[in-house]
Amino acid sequence: MPEFNDQTLLETPSITVRDVYCSCGRRHKGEEECAGVTQFVFPYRGTYVRFLGSDEAVAEANQVLFFNAAEGYRVSHPVEGDDASLVLVVEDALLRELAPKALLRDGATLAFRRQRLRIDPRAQALVAMLRHSLRRGIAEPLEAESLALTLVQRALMPRTTHAAGASIGRQRLADRAKLVLASDLARRWKLAEVAAEVGCSPVYLTQVFQQVEGLPLYRYQLRLRLARALDLLAQYDDLTALSLDLGFSSHSHFSAAFRETYGRSPSQFRESALNRQKSLNIPTAALTPPVVE
């Protein structure tokens, strides 16, 4: 049986934030589950696949998943290792105010049409900032609510998210490529190696992945590595060791990529996320500059 650790980090009338950890070696689909309430799930560690009817979604740090209330789904873990997600539940009336109508199903019951969207680096940074500040007890409830609602807005805005395009077959191919990358996040994959793993030519893989995710494969992998860095910053005193463990060629390479993506150096982000004096007083708009796709 899978082992779960579900910890509530914040609970107010407007929003609930939970940190959910799963340790499971099950590679096949598990038993059907369903969420009691509609929720946002932001994976920040590990990878799993969620099956919703005939639809599949690879859950990892580049995505937000929408779990609709009372909607059955199943999960598998094709990649070894544990996974963890930050889960947000927003009060219904507030969520209806925040969510674009195009994302919601018609009817009285609040539910999303899609099960996932790709999020941008700023949303990843907000996930890390919110989780670290709540776990360390440095965020007051009003500060944390504001940060959480900013994250929800960021995860719903058309200009800061991406809905998967292309046919189901092409989406499945892109999903297989994601699982290959996730199987060894620190590996310096070559395009031909990934293509061989998924059974197509490098040119075709490049074209399909760009069409599905709206990003080149190499940038997608970079964002996964950097999102893992956001998760691990609190555990590493030596950032050079962290950069090498994540597959970067050097600390300077890691620091430059981190700054370009999140708008500050790893040490600056760690200081702002983990220390009260510089944490949530920084405007969220400063978390990262505009990202060039």
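Just the heavy atoms: all of them, side chains too, but no hydrogens, waters or symmetry mates, feed the values below.
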Inset, instruction - Check the pair Arg105, Glu71 against salt bridge (Lys or Arg N to Asp or Glu O under 4.0 Å), reporting the backbone distance first and the verdict last. - result: CA-CA 13 Å; Arg105 294 177 184 167; Glu71 189 171 68; 2.8 Å; yes
Legend entry - Sequence neighbours excluded, every pair satisfying ring-ring contact (aromatic ring centres under 6.0 Å, His included) that has a member inside residues 106-151: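 Residue pairs passing ring-ring contact (aromatic ring centres under 6.0 Å, His included), neighbours aside: Phe40-Phe112, Phe66-Phe112.
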Where do [X] and [Y] come nearest, in terms of heavy atoms and distance?
| X | Y | result |
| --- | --- | --- |
| Ser252 | Ser250 | OG-OG, 3.0 Å |
| Leu244 | Ser249 | CD2-O, 3.9 Å |
| Tyr48 | Pro43 | OH-CG, 4.4 Å |
| Thr160 | Arg154 | OG1-O, 2.8 Å |
| Pro78 | Val49 | CG-CG2, 3.7 Å |
| Val212 | Ala166 | CG2-CB, 3.9 Å |

Going only through I, L, V, M, F, W and Y residues with side-chain contacts under 4.5 Å, is there a path from [X] to [Y]?
| X | Y | answer |
| --- | --- | --- |
| Leu130 | Leu156 | yes |
| Phe51 | Leu65 | no |
| Val87 | Leu52 | yes |
| Val208 | Leu217 | yes |
| Leu94 | Leu126 | yes |

Inset, instruction - For the pair Thr261 and Arg223, evaluate side chain to side chain donor-acceptor pair (under 3.5 Å) and give the outcome as yes or no after the intermediate values. - result: CA-CA 8 Å; Thr261 302; Arg223 289 190 182 180; over 6 Å; no
Inset, instruction - Please check if atom CD in Glu97 has more than 12 non-hydrogen atoms from other residues, nucleotides or ligands closer than 6.0 Å. - result: no
Legend entry - Crowding at CD, Glu91 (>12 non-hydrogen neighbours, <6.0 Å): yes
Compare all side-chain heavy atoms of [X] with those of [Y] and state whether any distance is below 4.5 angstrom.
| X | Y | value |
| --- | --- | --- |
| Thr8 | Thr16 | yes |
| Leu151 | Leu147 | no |
| Gln63 | Val58 | no |
| Arg228 | Arg45 | yes |
| Ser14 | Val90 | no |
| Thr206 | Pro216 | no |
| Val64 | Val41 | no |
| Ser146 | Glu143 | no |

Legend entry - Donor-acceptor contact below 3.5 Å, side chain Trp189 vs main chain Tyr218: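 Judged by distance alone, no pair lies under 3.5 Å.
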Inset, instruction - Give a yes or no answer on whether the side chain of Glu140 reaches the backbone of Leu142 with a donor-acceptor pair at less than 3.5 Å. - result: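 Side chain of Glu140 to backbone of Leu142, a donor-acceptor pair under 3.5 Å: no, none is there.
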To the nearest 0.5 Å, what is the distance between [atom1] on [X] and [atom2] on [Y]?
| X | Y | atom1 | atom2 | value |
| --- | --- | --- | --- | --- |
| Glu80 | Thr47 | CD | OG1 | 12.0 Å |
| Glu60 | Ser85 | CD | OG | 10.5 Å |
| Leu95 | Leu149 | CG | CG | 10.0 Å |
| Leu103 | Leu117 | CG | CG | 6.0 Å |
| Phe209 | Tyr204 | CZ | OH | 14.0 Å |
| Leu224 | Tyr220 | CG | OH | 6.0 Å |

Quick one: do [X] and [Y] make a salt bridge, cutoff under 4.0 Å?
| X | Y | result |
| --- | --- | --- |
| Asp231 | Arg131 | yes |
| Arg188 | Glu193 | no |
| Lys178 | Glu213 | yes |
| Arg176 | Glu197 | no |
| Asp6 | Arg18 | yes |
| Arg172 | Glu56 | yes |

Legend entry - Between Arg118 and Thr161: side-chain donor-acceptor atoms closer than 3.5 Å: no
Legend entry - Side-chain donor-acceptor pair present, Arg170, Gln211, cut-off under 3.5 Å: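 Their side chains do contain a donor-acceptor pair, which is all the 3.5 Å distance test asks for.
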Legend entry - salt bridge (Lys or Arg N to Asp or Glu O under 4.0 Å) between Arg113 and Asp106, worked out: CA-CA 9 Å; Arg113 295 179 184 273; Asp106 297 330; 3.5 Å; yes
Inset, instruction - Show your working on side-chain contact (heavy atoms from CB on, under 4.5 Å) between Val75 and His77 and close with a plain yes or no. - result: CA-CA 7 Å; Val75 170; His77 296 76; 3.5 Å; yes
Inset, instruction - Verify side-chain contact (heavy atoms from CB on, under 4.5 Å) between Arg135 and Asp19, making sure each step is shown before the conclusion. - result: CA-CA 9 Å; Arg135 292 198 68 89; Asp19 199 0; 2.8 Å; yes
Legend entry - Cationic tip of Arg50 above Tyr73 ring, under 6.0 Å, 45° of axis: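 Ring-cation test returns yes.
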Legend entry - Phe248 six-ring face occupied by Arg225 cation (under 6.0 Å, within 45°):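 Yes - Arg225 lies over the ring of Phe248, closer than 6.0 Å to its centre and within 45° of its axis.
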Legend entry - side-chain contact (heavy atoms from CB on, under 4.5 Å) between Val89 and Thr38, intermediate numbers included: CA-CA 7 Å; Val89 179; Thr38 296; over 6 Å; no
Inset, instruction - Please collect all side chain to side chain donor-acceptor pair (under 3.5 Å) contacts where either partner lies in residues 237-246, sequence neighbours excluded, each pair once. - result: Tyr236-Asp245
Inset, instruction - Report the C-alpha distance between Phe258 and Leu230 in whole Å, list the side-chain angles of each, state the deciding distance to 0.1 Å, and finish with yes or no for side-chain contact (heavy atoms from CB on, under 4.5 Å). - result: CA-CA 9 Å; Phe258 193 100; Leu230 292 174; 3.6 Å; yes
Inset, instruction - Under the ring-ring contact (aromatic ring centres under 6.0 Å, His included) rule, collect the residues that match up with His251, sequence neighbours excluded. - result: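 With neighbours one apart ignored, the set is empty.
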